[in-house]
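Counting starts at 1 for both ligands and their atoms, in listed order.
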Amino acid sequence: MTNIDYKRRQFLQCAALGTFVAALPGFPLAENKDFNKAPNPLFKADVEIALTAQIADVPILQGAHTHVFKYHGKLLKGPQTALKILPGYLGPILNFQQGQRVRIYFYNELPEPCITHWHGMHVPQVMDGHPMYAIARGGQYVYEFEVKNPAGTNWYHSHTHELTATQVYQGLAGLITISDEAEEKLDLPGGEYDIPIVIQDRSFTNGNQLRYVLGMHQRMRGFLGDTILVNGQENSVIPVKTRAYRLRILNGSNSRIYKLGWEDGTSMTAIGTDGGLLEKPETLAYIMLAPAERVELWVDFSGRKLGSDLILQSLAYQGGGHMDSMGGSRMGRGMDMMGGASGQDGTMTIAKFRIVEQINDSPKLPVELVPVHRLTHQDITNPDRTIPIAIGMRHMAFQLNGRAFEMQDYMESEKIPLNSVQKIKIFHDSAMMGRGMRGRGGMGMMMSVPHPIHLHGQQFQILSRTQVNPSSDYDTVKDGFINSGWKDTVLVMPGEEVQIIKPFRDYTGLFLYHCHNLEHEDMGMMRNFYVS
Ligand code: C2O
Ligand code: CU
Ligand code: CU
């Protein structure tokens, strides 16, 4: 028996058990190219989907169609509701139920390598879409996993080495919803009253083709498009009735951060975050939503006038993005290397909800949603150890923990014992920021921009947020964070230090953590945790 066969056999056995328990010797890494090419006959799937990344021409703007990358989906087995095709470039919405066993045949028909990641889902390493598993054109990768996550809104997107930003930009993303029993009991607005809202910014050429620029500005701040798309369409007008709705909002943008608010000042009622439903609804004046973050809103249009619009906006805020001196004190705006940079001047329209029908019955907002087990310091496996995620910069590129991404590389501090609960501190390492630039200009300056930090694997909770450099900029965003729910992505503003607590259960192997500003990610702001 060859080594590959041996590993394959071991994998089949573990997969049959549904979990990866023992640390496999020589865990299947990139050298094993045949991995996951064929379905595992021992895995009995409830849902089977074929998902193909391909080139397509879709209508987005008036006039010429736009050349995009698109996930084309086909349901092979399971309930018809498991897959919902959308017009435009977004992939189909995948609707799963907790406990379902899912098999996805992923085919790559693009003229470049590709691999797909199920963002927010708790799956084994080989099912997680690590870039080391990218397949070439014509290739196939078979994903098989059990849906362990609770009810909520996740998503999938390409995760190809150094091509994630351009592939997602060109369309390779889609939504995943999960339902479970606890959610069903709540009887939240469903069907036509449950609306997905994927927000993305794009730029177009005169010929309606996607425009993507990667210059100095975009390297530092990420790419910002000038046109807001909702579910792949511009100028979105969503017809609604006078009753309550559930909105599942995903920020699927490469780098744009939205400060979501209702135009008429109505407060926002959040019922869910990245990892699922909240314990109870939370009311905020506005909600900051960074790339990859999700928020589920409850919005009640009862009592509104027929024909009127309620507009979902992104409000003005200051996001930092200035050249700071080493100590962190602000230099004048004239010194701002990014010319205004992150943040948003003025208000942008995201979508208009138009009242098209008056009806009289509307469900009431539940006072309590689902039990959320709060993790505390008592749950931490090694209370003396805090895992660092230091945001730094070298050679004009952002890095994590002083290193750029290397496919299978991890450091001692990135080793995590299986089935442990860890405290992780995400912070800006100003010393590290300074080092790279001092060497060049002797200025000791640092670049301070917001970073949405995402961790693969199980969802985490936020323990604390501390602003080391309180400023009027921070005041424009600070009331827009939801810190009570399960999260997989957390926005870390300039000067901010965020402590999180995260379980690492069930699966061994390499799990990524990275900045979800996709330009930052592709430039190496990504690392592996090794769970064993
Ligand atoms: Cu949304 Cu590593 O990904
Ligand atoms: Cu992810
Ligand atoms: Cu970043």
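At a cut-off of 2.8 Å, His159 coordinates atom 2 (Cu) of ligand 1 through an N, O or S atom. Among the backbone and side-chain atoms of His454, an N/O/S atom is found under 2.8 Å from the Cu ion (ligand 2). Within the coordination shell of the Cu ion (ligand 2), defined by N, O or S atoms under 2.8 Å, His117 is present.
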Arg374 vs Asp379, salt bridge (charged side-chain N to carboxylate O under 4.0 Å, His left out): CA-CA, chis, key distance, verdict: CA-CA 10 Å; Arg374 276 310 299 168; Asp379 296 299; over 6 Å; no
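Vertex atom 2 (Cu) of ligand 1; arms to His456 atom NE2 and His514 atom NE2; angle 110° (nearest 10°). Here Cys515 contributes SG and His451 contributes ND1, and at the Cu ion (ligand 3) these two atoms make an angle of 130°, given to 10°.
Under 3.5 Å, the side chains of Asp488 and Gln459 contain a donor-acceptor pair of N or O atoms. Counted by atom type alone, Ser179 and Gln98 present zero donor-acceptor pairs between their side chains at under 3.5 Å.
Within the cation-pi definition used here (under 6.0 Å to the ring centroid, within 45° of the axis), Arg103 does not qualify as a partner of Phe43.
Remark: of the listed residues His117, Gln125, His159, Gln125 is the sole one forming a side chain to side chain contact (heavy atoms under 4.5 Å, CB included) with Tyr133.
Its N, O or S atom nearest to the Cu ion (ligand 3) is what matters here, and for His520 that atom is ND1.
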